[in-house]
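Counting from 1, the numbers follow the sequence of the chain as shown. Whatever order the structure lists them in is the order used to number ligands and atoms, beginning at 1.
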Amino acid sequence: MRLCITNNIGLWAATYVKNKIKSQEKKAKHTILGLPTGSTPLSMYQQLIKMCKEKELSFKDVITFNMDEYIGLSPEHAQSYNYYMHNNFFNHIDIAPENIHIPNGVAKDIKQECINYESKIKSAGKINLFVGGVGEDGHLGFNEPYSSLLSKTRDKDLTIYTRKANARFFNNIDEVPKKAITVGINTIMESEEVMILVSGYHKAKVVKNLIEGNVSHVNPISILQMHPKVIIVADDEACDEVKVRTYRYFKSMQDEFSNLLEE
Ligand code: GLP
């Protein structure tokens, strides 16, 4: 696991994504990305849009799979993740609409929708880079604490804690859906590489537990310790609780990657 401490998460993550797409292009291969929502990745999306507008990057050969979607919100609902993705990203880049995949939260048969989504990921091939955020309780996608670490795409009840945290996007907590579709923890673990974006002191405990805690379903994101290729991109505040020794060690890892932004 590598940690990049930067106060420009958006640019760093976007540059990493750009380099991934470019290296796939060199191999004449398309890129399959897993994508998150939430407030943290917004700056990465803005940077990627800029790169695309300035013709530094094209999404023509990129296929995307989003992590999750609220059950009961249609794609037109302003708080659906489908709306978020189009509004904040897809409408501003040159991606082919048929290459965009987001779980359908208003599917007639939600269980079947989950099975179909998982098999769409399988048939597309391995996800090259899964980008994610993290909840304050360690949830990954909508894999809440105590989720099976071997889970696949399925419907999940949301905890009161998650609904409270996400109530800021709705008029009140009662409007926050009680259920969601989420890719499973194992779905994410099967990706070639995972990049997690974290910002702010309110996530410092999560970062500490993710890097220095035990692997446990109590803290679902901790499973990433078992993944061969993970990068945590975090700002200073999010790293405040990480032990000093570890912090320094990881600092040197950051240097290894600092040239990424100079390309
Ligand atoms: C939601 C999403 C997660 C996201 C989390 C953190 O619960 N389902 O995928 O990681 O929010 O969001 P934020 O970046 O706004 O803190």
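Within the 4.0 Å heavy-atom criterion, the part of His139 lying near ligand 1 is the side chain and not the backbone. Counting heavy atoms closer than 4.0 Å to ligand 1, residue Arg168 contributes side-chain atoms (C-beta onward) but none from N, CA, C or O. Only the side chain of Asn166 comes within 4.0 Å of ligand 1, judged by heavy-atom distances. Of the heavy atoms in Pro36, none comes closer than 4.0 Å to ligand 1. Only side-chain heavy atoms of Tyr81 come within less than 4.0 Å of ligand 1; its backbone N, CA, C and O stay farther off.
Taking atom 3 (C) of ligand 1 as the reference point, the nearest protein heavy-atom neighbour is Gly141 O, 3.5 Å. Protein heavy atom in closest approach to atom 12 (O) of ligand 1: Gly38 CA, 3.8 Å. The protein heavy atom nearest to atom 6 (C) of ligand 1 is Val134 O, 3.5 Å.
Proximity of a side-chain donor or acceptor of Asn19 to a complementary backbone N or O of Lys22 within less than 3.5 Å is not detected. A donor-acceptor pair is defined here as one N or O able to donate and one able to accept, closer than 3.5 Å; such a pair exists between the side chain of Arg168 and the backbone of Ala165.
Using a 30° and 60° split on the angle between ring planes, Tyr70 and Tyr81 fall in the tilted class, from 30° to 60°. Taking the six-membered ring where the residue is Trp, His77 and Phe170 present tilted rings, their angle falling between 30° and 60°.
Between Phe169 and ligand 1, not a single N/O pair is under 3.5 Å apart. Considering backbone and side-chain atoms together, Lys203 places an N or O closer than 3.5 Å to an N or O of ligand 1. The shortest N or O to N or O distance between Thr162 and ligand 1 is not under 3.5 Å.
Checked by atom type, the side-chain pair Tyr16/Glu193 shows a donor-acceptor distance below 3.5 Å. No side-chain donor from either of Tyr84 and Gln79 sits under 3.5 Å from a side-chain acceptor of the other. In this model, a donor atom of one side chain and an acceptor atom of the other lie less than 3.5 Å apart for Asp235 and Ser199. Looking at Thr187 and Glu118, their side chains do bring a donor and an acceptor atom within 3.5 Å of each other.
Each of the following atoms of ligand 1 lies closer than 4.0 Å to a heavy atom of Gly133: 10 (O).
Nearest-residue assignment for atom 9 (O) of ligand 1 (options Thr182, Asp68, Thr40, Val183; heavy-atom criterion): Asp68. Considering only non-hydrogen atoms, atom 4 (C) of ligand 1 lies nearest to Thr37 out of Thr37, Leu35, Leu158.
Ionic pairing of Asp157 and Lys178 is not present here: no N-O contact between side-chain nitrogen and carboxylate oxygen is shorter than 4.0 angstrom.
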